[in-house]
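Report on the following structure.
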Amino acid sequence: MSRAIKGTIVIEGRELTVSNPNKLLFPEMGITKAVFLQKLAVLAPWLLKHCRDRYLTTIRFPDGVHGKSFYQKNCPQPAPPFVETDTHGDIHYVRLNSLPVLLWLGNLACIEYHASFDRISNPVKPTEWVLDLDPSVEEEPRIMEAASLVGDLLESLGIASVPKTSGATGVQIIVPLQPDLTFDELRAIGEFVGAYLSGKYPGLFTIERLKKNRGDLIYIDYLQHYEGKTIVAPYSPRARPGATVSTPLHWREVRANTAITDYNLLNIAARLEREGDLLEAAPAQSLRPILAFIRKK
């Protein structure tokens with residue numbers, strides 16, 4: 001099929017050009033660009049919600065997930081007139097606020113969508129706190145056990161949380177917040193949690209920053225959650241052979257050792273239809289009492 005093949009679609013009154021619709025982006029799953037755009041449209045109501053009011057970084061794979069890739073922060077050019085941007089420093093970030101914008105990015109082979117922790121409207125007080133469990137090895141059979149232990153500790157502290165697969169190798173623990181603490185204050189809580197868990201389970205966890213010094217331990221990354229840093233957005237596809245999707249889970253699924261690869265572009269729609277957005281259902285809470293407790297120690 002010629003690489004010059006193009007077509008147009010009209011979405012919400014916006015005309016979009018689709019180039020190379022038959023190009024395989026995920027060969028193992030048989031997902032072409034045309035299929036990818038269809039799946040992005042299914043994910044859009046959930047993915048857009050978690051990217052609004054955030055600075056967006058995408059990862060582009062022009063020749064599919066096995067080809068070369070690059071990060072895209074600045075809005076690609078030329079951009080259609082319906083694409084708006086948010087400027088921060090010297091970067092003009094795409095404002096991911098509609099289905100046409102998402103599909104325009106998808107046509108450019110933007111496969112992954114990473115959102116800033118800081119909100120554009122309130123960069124100082126985050127609306128969630130995140131602990132990123134990052135395995136030191138590519139295949140980590142203990143990752144759900146580790147996530148469960150973190151969840152148990154948070155529950156013992158009275159903190160409600162939602163686990164989310166990264167879609168790659170790790171799990172992120174998300175705590176929806178009332179915006180009353182700073183990133184630095186939340187880092188203090190993260191350091192406390194990380195130090196406690198790595199001390200109690202030294203054969204499983206570490207807070208060692210240098211990967212070369214971690215061995216096979218799972219890194220509790222509390223430092224990533226900070227202004228200017230990003231997280232793979234909930235419901236973002238990942239550039240993995242199995243077309244995995246970053247998926248919020250129930251804690252019972254974590255304890256049942258759900259695999260990160262269980263949810264992908266071909267089956268995520270059924271889960272969303274059945275479960276809805278688990279993050280939306282989680283209550284916003286204040287961690288100020290926890291911070292006060294830590295500071296007394």
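Just the heavy atoms: all of them, side chains too, but no hydrogens, waters or symmetry mates, feed the values below. Numbers for residues simply follow the sequence, beginning at 1.
Expressed to the nearest 0.5 Å, how far CZ of Phe192 lies from CZ of Phe293 amounts to 5.0 Å. Atom-to-atom distance recorded for Lys33:NZ and Leu24:CG is 12.0 Å, nearest 0.5 angstrom. One finds the CG atom of Asp134 at 8.0 Å from the CD1 atom of Ile143 (value rounded to the nearest 0.5 Å). A distance of 11.5 Å separates CG of Leu217 from CD1 of Ile207, quoted to the nearest 0.5 Å.
Shown here is Lys200, whose NZ atom has no more than 12 heavy atoms of other residues, nucleotides or ligands within 6.0 Å. Heavy atoms of other residues, nucleotides or ligands lying less than 6.0 angstrom from CD of Glu155 number 12 at most. No more than 12 heavy atoms of other residues, nucleotides or ligands shown are found within 6.0 angstrom of CZ on Arg209. Atom CD of Glu12 has more than 12 neighbouring heavy atoms from other residues, nucleotides or ligands inside a 6.0 Å radius. Heavy atoms of other residues, nucleotides or ligands lying less than 6.0 angstrom from CD of Glu273 number 12 at most.
Inspection of the Asp184 and Tyr226 side chains reveals an N or O donor paired with an N or O acceptor under 3.5 Å. No side-chain N or O of Lys211 forms a donor-acceptor pair with one of Ser136 less than 3.5 Å apart.
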side-chain contact (heavy atoms from CB on, under 4.5 Å) assessment of Trp129 paired with Leu154: CA-CA 12 Å; Trp129 172 51; Leu154 295 182; 4.0 Å; yes
Step by step, would you call Val175 with Gln285 a side-chain contact (heavy atoms from CB on, under 4.5 Å)? CA-CA 8 Å; Val175 177; Gln285 58 209 293; 3.5 Å; yes
Step by step, would you call Arg187 with Leu223 a side-chain contact (heavy atoms from CB on, under 4.5 Å)? CA-CA 7 Å; Arg187 269 193 174 181; Leu223 296 171; 3.9 Å; yes
Given Asn267 and Asp262, is the side-chain contact (heavy atoms from CB on, under 4.5 Å) satisfied, shown in steps? CA-CA 9 Å; Asn267 66 16; Asp262 280 354; over 6 Å; no
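Using a 4.5 Å cut-off on side-chain heavy atoms (C-beta onward), Leu25 and Phe61 make no contact.
Connection of Tyr71 to Ile231 is not established within any shared hydrophobic cluster, with ILVMFWY side chains joined at heavy-atom distances below 4.5 Å, either directly or through further cluster members. Hydrophobic clustering, with ILVMFWY side chains joined whenever heavy atoms are under 4.5 angstrom apart, groups Phe82 together with Leu47.
A salt bridge links Arg54 with Glu128: the distance from a Lys NZ or Arg NE/NH1/NH2 to an Asp or Glu carboxylate oxygen falls below 4.0 Å.
Taking the six-membered ring for Trp and thresholds of 30 and 60 degrees, Phe117 and His225 have ring planes more than 60 degrees apart, a perpendicular arrangement.
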